[in-house]
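Have a look at the structure below before the remarks.
Note that the structure is predicted; figures quoted are calculated from it, not measured. These values consider heavy atoms only, across backbone and side chains, with no hydrogens, waters or symmetry-generated copies. Numbering starts at 1 and runs along the sequence shown.
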Amino acid sequence: MSARVLDCPQCGAPVNFRSSITVFAVCEHCRSMIVLRGADAELIGVMAALPPDLSPFQIGTRGEWKGRGFEIIGRIRVEWDEGSWNEWCILYDAKTHGWLAEAQGLLMISFPREVPEKLSTRPIDYRPKVFVTLDGSVYTVTDVKTATYLASEGELPFAAPPRTKRRSADLTNPHGSFATIELSEGEAEVYLGEYVDFDALKLTNLRPVPGWSAEIAQEKYRTAALSCPVCGAAVELRAAGQTMSAVCGSCGSVLDTVRPEVHLIEKADKALKKLSPVLPIGQRGKLFDTEYEVIGFVQRADKYAKWHEYLLFNPWQGFRWLVFFKGHWSFVTRLAAIPTRIGNSVKRDGLKYKLYSLEEAKVTGVLGEFYWKVRRGEKAVISDFVAPPYILSQEAYPGLDEVAWSRGEYIERSVIGDAFKVEKLPRAEGMYLNQPNRWAKRWKEVRVLFMLAFFALCFIQCSSLATRQETEIAKTSFTFDRGAQKFGSLPTAPRLGTAPAEPEKILTTPHFNLESSTEQRVLVVANAPVSNNWIGLELDLVNAKTNAAMSGAIEISAYHGYDSDGGWNEGSQTASVAFAAVPPGEYFLTIEPSADPSITTMPFTVSVRAGGLFNLNFILMILPVLAYPAFLLWRRQAFEARRWAESDYTP
């Protein structure tokens, strides 16, 4: 069967059948439903009117996906107990039927696939979190519902009269792919596809959106104004066709707006008068280069706190949320793919999110309109996982076979105020679960410079140690003899390699030479067999030619014993003193010894070593380099400790 144009059996207007596999169409003029029976067109009834709709898509819209073009040729408006969505029938690559679903601000392209032989056709086998293997990939059931065809238009590959019902299971995998399994009368149909981005589809011939792209007249066969069934006031829909419920601005009743005939969901309560959103309904603002309008306000509460959620809408980009709690804001987007769960954490896009809270939250107040049939008192179990400034949230609804995921990003209140032209927004109070750690940010900014400075100093130190090795240039042995010591003037330093036989009060070493061409470090090391006593040495490093002296002191002490905790030791039989920047030349040491009163005589040795480095210099240089990073790391850790102090799942 080839593409053709047939006359409508009801009004005679031409009806296009652009695809050879199209079997059902709706006349654009009289809304008659036409089914192809061989070469003939058969009238089977009149299609119901479509509800108001701000969708930018229309029959004739063209786009591109994976390098091939497509055209929208038809649409089914599908509803379930808690909402509705658009299924746009596309002719892909001029030969294949597919579907572009427009649901709750998300876009999905899918195509029918052959049903696996082992696939169950029993609705009872499909429930949230059940795994199903399709086309070699493992999918997770996220949503199960009974779908009803509300109305349709254009051309379709099957007959879709109003009130047709099917059991539908939606599935997704961590890679962003999704699947739909439709069950009806013991048979199954499988559709596989992907979530897509509006801008990536390169769309043309879009429908002008009233109030956004152009003010246009109300389209034929679409209901214009809606009236509140309680008070009769006009109900203005800011996202008509995308939202499923609205709150009457006059009486506060919550209304079902799925069909043109509005139904009451819930009457107003006293709490409505106490709601005071800081962002007015209808206010527009630009965030992330996209203009959004505030169309809904929800107040939620758990057993610990209450917070506000603002629903944002853009006809082309769909829905977003702004979550507000004590001056803290997060910009939230619905997630298409389910994150990978690992114990008390989840992973997505290379980030690990840790479980922060798991609480049951309740809706305590609503204003505006929403993409589901919201009710005061509605409950959801919310699991929050954080990787600041981001947050992943899972919402599970008791009584509904649905699990929804969303991703939020912390936004400073100044950004919100500037975007929506609202002055004096409440200041942030306390810590928020996904509030960015400013100390962690500063650490990231300085850590590269810190590491470069740290390794540069270490390199300089190691290079200096390699080029200025410590060398022993003199070593002399002495004996401290209390009875033999004489007091007198400084003797002439001997030039031999042994100490005087009769030590004076002032002892001297043989002369030694510092042959370096530059100033260098000189280390004097003394050793004595002290045991529970001490010996002290007052030193002068004397230049033999100029008689200029540099002074220093050494104390050698070592103690040991026993107490209730056992044996102990302190001190050492070796001690040293270093002289800095000693010029080259001929030198000798003068030594004035003293000792513990218990010592009568004791041998000791003095060694002179040239070269090496002062480790203290390296320490004094490295401490300032380490100080600021250490401060940042300490503040970062303290910040995280404050954050997790409010959690029941502290790592």
Side-chain angles (χ1 to χ4, degrees), residues 460-461 463-482 485-500 502-528 530 534-558 571-596 599 602-623:
I460 293 172
Q461 178 73 359
S463 299
S464 299
L465 284 173
T467 57
R468 298 193 178 190
Q469 294 184 354
E470 189 175 276
T471 305
E472 185 176 79
I473 58 175
K475 186 174 183 179
T476 310
S477 296
F478 298 93
T479 298
F480 172 83
D481 188 338
R482 190 180 300 276
Q485 285 186 323
K486 300 176 183 179
F487 293 89
S489 60
L490 181 68
T492 302
R495 293 179 178 274
L496 303 177
T498 59
E502 294 292 329
E504 301 288 336
K505 173 71 173 179
I506 305 297
L507 308 175
T508 61
T509 68
H511 288 210
F512 51 86
N513 290 314
L514 298 179
E515 297 178 351
S516 173
S517 60
T518 59
E519 295 179 344
Q520 61 183 310
R521 169 179 174 266
V522 173
L523 180 69
V524 179
V525 181
N527 178 271
V530 293
W534 59 270
I535 184 171
L537 307 176
E538 295 290 334
L539 306 174
D540 280 329
L541 177 63
V542 183
N543 187 300
K545 292 184 178 180
T546 65
N547 211 33
M550 304 174 73
S551 300
I554 294 176
E555 180 179 301
I556 310 169
S557 60
S572 172
Q573 294 182 339
T574 301
S576 64
V577 64
F579 298 92
V582 181
E586 184 179 352
Y587 289 85
F588 64 90
L589 284 174
T590 66
I591 306 168
E592 184 177 356
S594 59
D596 189 284
I599 298 176
M602 179 172 288
F604 66 91
T605 60
V606 175
S607 171
V608 180
R609 302 174 185 178
L613 297 175
F614 284 98
N615 290 328
L616 180 61
N617 291 341
F618 175 71
I619 294 173
L620 292 177
M621 292 175 66
I622 206 71
L623 281 178

Distance in Å, Asp540 CG paired with Thr508 OG1, rounded so as to fall on 0.5 Å steps: 12.0 Å
Ile473 CD1 to Ser607 OG distance, which is reported to the nearest 0.5 Å: 9.0 Å
Euclidean distance, Asp481 CG relative to Ile599 CD1, rounded to 0.5 Å: 12.0 Å
Pairwise distance CG(Leu507) to CD(Glu538) - rounded to 0.5 angstrom: 12.5 Å
Val577 vs Leu539 side-chain heavy atoms within contact, under 4.5 Å: yes
Side-chain heavy atoms of Val525 within contact of Thr574, under 4.5 Å: yes
Separation between CG of Asp596 and CD of Glu555, rounded to the nearest 0.5 Å: 9.5 Å
Test item: Arg521 side-chain N/O and Gly611 main-chain N/O as donor-acceptor pair under 3.5 Å: yes
Heavy-atom side-chain contact between Leu541 and Val582 under 4.5 Å: yes
Nearest atoms (heavy-atom pairs only) where Phe480 meets Ala595: CE2-CB, 3.6 Å
Non-hydrogen atoms of Pro584 and Glu519 that approach each other most closely: CD-N, 4.5 Å
Heavy-atom pair of closest approach, residues Phe579 and Met550: CE2-O, 3.4 Å
Side chains of Leu537 and Phe604 in contact at under 4.5 Å (non-hydrogen atoms): yes
Interatomic distance, Ile556 atom CD1 to Ile535 atom CD1 [nearest 0.5 angstrom]: 6.0 Å
Backbone of Val542 reached by a side-chain donor or acceptor of Asn547 within 3.5 Å: no
Which atom of Val530 lies closest to which atom of Gln573, heavy atoms considered: O-NE2, 2.9 Å
Non-hydrogen atoms of Ser557 and Trp534 that approach each other most closely: CB-CB, 3.7 Å
Side-chain (Glu592) to main-chain (Ile506) donor-acceptor, under 3.5 angstrom: no
Heavy-atom side-chain proximity of Thr509 to Phe478 below 4.5 angstrom: yes
Thr476 to Pro510 - nearest heavy-atom pair and separation: OG1-CD, 3.2 Å
